[in-house]
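These notes concern the structure reproduced below.
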Amino acid sequence: MVYYKTNDEIELIRKSCLLVSATLAEVANFLKPGVTTLQTDALAEKYIRDNGGVPSFKNYKGFPFTCCISVNDAVVHGFPNNEVIKEGDIVSVDVGVFMNGFHGDSAYTFAVGTLTDDVRQLLRVTKTSLYKGVEKAIVGNRVGDISFAVQEYTERKFGYGVVRELVGHGLGRQLHEDPQVPNYGKRGSGLKLREGLVIAIEPMINMGKKDVYYDEDGWTVKTKDGKPAAHYEHTICVQKNKPDILSSFAGIEANEKANPHLDATYY
Ligand code: MG
Ligand code: MG
């Protein structure tokens with residue numbers, strides 16, 4: 001069942017998304033070598049609750065944390081833990097907020113310290129692929145046009161692995177609604193996009209092969225070949241000529257540039 005949102009509902013989703021974005025901007029201030037992902041998670045939870053939201057992921061199907069934090073070869077759904085972040089790590093942070101009856105969802109991969117050129121390229125290409133997908137989210141296109149745009153750029157152009165097991169999704173009153181939005185697929189296939197459709201577009205891109213496995217915690221998705229993976233996500237609303245991006249990277253990128261421990265020169 002696909003729910004198309006009213007303008008009032010879209011504005012409520014935007015509020016939830018912007019709290020997600022502000023939370024990720026706080027994370028951008030905080031990250032540096034020596035802090036743990038569990039500390040990062042605690043900071044995010046406090047920030048969300050102090051600002052009137054509830055973490056969407058906490059207790060979702062038993063997920064025990066506010067953020068999914070996935071380091072290096074972890075693709076998504078990583079458990080925050082007591083391991084310290086090190087120079088050269090890439091740290092994907094995925095956050096959801098529930099507020100006023102609606103969810104917002106966004107993710108960003110941070111580069112801690114100086115990266116090798118191949119990892120810098122992975123981040124740049126994955127972030128660019130997100131926007132290549134987003135720009136297809138207009139009335140008259142189909143879900144497959146978004147999927148194809150992401151796959152075409154990352155897999156066919158750069159030879160990266162596009163994760164098949166996990167996909168983007170509709171969202172609103174529920175964190176995950178129809179339709180699914182894969183990062184691979186055929187142009188002109190799938191659901192026709194109509195005004196008011198709110199979806200999360202979220203390329204999960206592996207530097208090596210596409211294959212992944214679940215870690216023993218039952219949640220953390222890792223690359224089989226042990227190579228790094230990146231993940232960027234926006235919640236957007238389909239509109240006529242130009243999609244409305246409800247989350248924002250502006251504050252995240254500003255804080256990323258201001259944090260001397262993060263590399264913001266890859267994009
Ligand atoms: Mg997410
Ligand atoms: Mg999502």
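Whatever order the structure lists ligands and atoms in, that order sets their numbers, starting from 1. All values below were derived from every heavy atom in this structure, side-chain atoms included, with hydrogens, water molecules and symmetry-related copies excluded.
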Worksheet item: Hey, what do you get for CG (D118) to NZ (K227), rounding to the nearest 0.5 Å?
Response: 9.0 Å

Fill in: Heteroatom count (protein N, O or S) under 2.8 Å of the Mg ion (ligand 1)
4

Practice prompt. Would you kindly say whether N81 and T37 are connected by a side-chain donor-acceptor distance under 3.5 Å?
Written response: yes

Discussion item. Centroid separation under 6.0 Å, is that true for the rings of W219 and Y214?
Written reply: no

Discussion item. Would you say the rings of Y108 and H231 are close, in the sense that their centroids are separated by under 6.0 Å?
Written reply: no

Worksheet item: Would you say H169 reaches the Mg ion (ligand 2) with an N/O/S atom under 2.8 Å?
Response: yes

Contacts under 3.5 angstrom, residues 83-90 side chains, donor-acceptor by atom type, not counting sequence neighbours:
| unit_1 | atom_1 | unit_2 | atom_2 | d |
| --- | --- | --- | --- | --- |
| E87 | OE2 | T114 | N | 3.1 |
| D89 | OD1 | N72 | ND2 | 2.9 |
| D89 | OD2 | K86 | N | 2.8 |

Worksheet item: Just by distance, with hydrogens left out, do T265 and R120 show a side-chain donor and acceptor under 3.5 Å apart?
Response: yes

